[in-house]
There are 2 protein chains.
Amino acid sequence: MPSDEYSYRVLKLLSQNPHLSQRDLAKELGISLGKVNYCLKALIEVGLVKAKNFKNSRNKQAYAYLLTPQGIEEKTKITVRFLNSKLAEFQALKSEIETLRKEVGSHVDTVSE
Amino acid sequence: MPSDEYSYRVLKLLSQNPHLSQRDLAKELGISLGKVNYCLKALIEVGLVKAKNFKNSRNKQAYAYLLTPQGIEEKTKITVRFLNSKLAEFQALKSEIETLRKEVGSHVDTVSE
DNA sequence: ATGATCCCGTTCATCGAGTGAACGCCAGAG
DNA sequence: CTCTGGCGTTCACTCGATGAACGGGATCAT
């Protein structure tokens, strides 16, 4: 089970373009091929993605990673959940910055270096 | 060389209370004892912290991790640098939340579940 | 004095997430 | 046919992080 972050990002990319290869995804996501393989397998396992090859059943080059109906539905849920976690992160970050500003002891909006 | 984050946090805690043990620091920072030991050694190595035992030179229980003058000075610089990185993070997070909101397709300020 | 206990800093075997080179496979080009 | 290239898959390897275990000093009860 990949994190919400990677589930979200993989599902988003695949919904935009099902023809991305695992290597494409790795480059796009900034992670390794091995990890993409792991995430993708998990998403297929739970039925959110289906690997379809439209040309020939033995041609891996023709793979398309299509979101299943469940995948489309779940993608929204995951996105909301991910958004919420980001909002919480946002609040925490705001507090931390507030604290740091007080420690620095000046009003810093943008700092050059 | 610990990250700015840990340098900042360790220096902050020690400036507040030099009598914290490595175990105290570990608990406070939410990291392992081993990592604290590593960070602290590095800070001592570069001269930002000095381990002083005020009772007896052989009593480890009496250790105090005091910020050197350089440590006090550097603490401010590190804090500013850390703040800046947090501000950048803040902007990035803001953008990401914006994107996520658009994808969710509604105006979400706080979401219950 | 002696032993038991406690907390200290230090060490290092162990772990696990992440990596990417290498493999077998297949299609298309020469 | 061979050769090349991109595909998914695998797995030995890396490396930061972990915390149990250790030796040592202080304290206290015996």
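Within every chain, numbering begins at 1; the chains are lettered A, B, ... in the order of the sequence lines, protein sequences first and strands thereafter. Keep in mind it's a predicted model, so treat the numbers as computed, not measured.
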Participant: Give the rounded distance in Å between these two atoms: CD of Gln22(A) and C1' of dG8(D).
Facilitator: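 So the CD-C1' distance, Gln22(A) to dG8(D), works out to 5 Å.
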Participant: Which pairs, with at least one residue in residues 73-101 of chain A and sequence neighbours excluded, count as a ring-ring contact (aromatic ring centres under 6.0 Å, His included)?
Facilitator: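 Checked against ring-ring contact (aromatic ring centres under 6.0 Å, His included) - neighbours excluded - the pairs reaching residues 73-101 of chain A are Tyr8(A)-Phe82(A), Phe90(A)-Phe90(B).
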Participant: Please give, in whole Å, the distance from dC23(C) C1' to Leu33(A) CG?
Facilitator: 13 Å
Participant: Which ones in residues 37-45 of chain A lie close to DNA chain D, meaning a heavy atom under 4.0 Å from one of its atoms?
Facilitator: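 DNA chain D contact set from residues 37-45 of chain A: Asn37(A), Lys41(A).
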Participant: Is any side-chain N of the basic residue among Glu5(A) and Arg9(A) closer than 4.0 Å to the acidic one's carboxylate O?
Facilitator: yes
Participant: Would you indicate whether Glu28(B), at its atom CD, is surrounded by more than 12 heavy atoms from other residues, nucleotides or ligands within a distance under 6.0 Å?
Facilitator: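 Atom CD in Glu28(B) is not crowded, with 12 or fewer foreign heavy atoms closer than 6.0 Å.
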Participant: Would you mind reading off the distance between Leu29(B) atom CG and dG19(D) atom P, rounded to a whole angstrom?
Facilitator: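 Roughly 14 Å, once rounded to whole Å.
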Participant: Side chain of Tyr65(A), heavy atoms from C-beta onward: which of dT18(D), dG8(D), dG9(C) has the nearest atom to it?
Facilitator: dG8(D)
Participant: Atom pairs, N/O to N/O, protein against nucleotides 14-17 of chain C, distance under 3.5 Å?
Facilitator:
none

Participant: Could you tell me if Tyr65(A) and Gln22(A) have a donor-acceptor pair between their side chains, going purely by distance under 3.5 Å?
Facilitator: yes
Participant: With no angle test and no hydrogens, is the base of dG6(D) tied to the side chain of Arg23(A) by a donor-acceptor pair under 3.5 Å?
Facilitator: no
Participant: OH of Tyr63(A) versus C1' of dC26(C): gap in Å, rounded?
Facilitator: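 From Tyr63(A) OH to dC26(C) C1': 12 Å.
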Participant: Leu25(B) CG to dT18(D) P: how many Å, rounded?
Facilitator: 14 Å
Participant: Between the side chain of Thr68(B) and the main-chain N/O of Gly47(B), is any donor-acceptor distance below 3.5 Å?
Facilitator: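 Flag set: sc Thr68(B) to bb Gly47(B) pair under 3.5 Å.
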Participant: What is the distance from CG of Leu20(A) to P of dC7(D), rounded to the nearest Å?
Facilitator: 10 Å
Participant: May I ask you to check whether Ser21(A) and Asp24(A) show a side-chain donor-acceptor distance below 3.5 Å?
Facilitator: yes
Participant: Show the nearest heavy-atom pair for residues Tyr38(B) and Met1(B), with the distance to one decimal.
Facilitator: OH-N, 3.3 Å
Participant: Does Ser21(B) or Gly34(B) map to a spot on DNA chain C nearer the 5' end, using the closest nucleotide for each?
Facilitator: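 Nearest nucleotide further toward 5': that of Ser21(B).
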Participant: May I ask you to test the Lys75(B)-Leu67(B) pair for a side-chain heavy-atom distance under 4.5 Å?
Facilitator: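 Result yes, sub-4.5 Å side-chain heavy-atom pair found.
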Participant: For residues Ile31(A) and Tyr6(A), determine if any side-chain heavy atom of one lies less than 4.5 Å from a side-chain heavy atom of the other.
Facilitator: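 Yes. Closest side-chain heavy atoms under 4.5 Å.
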Participant: Quickly work out the Asp24(B) CG to dC8(C) C1' distance and round it to whole Å.
Facilitator: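 After rounding, the reported distance stands at 11 Å.
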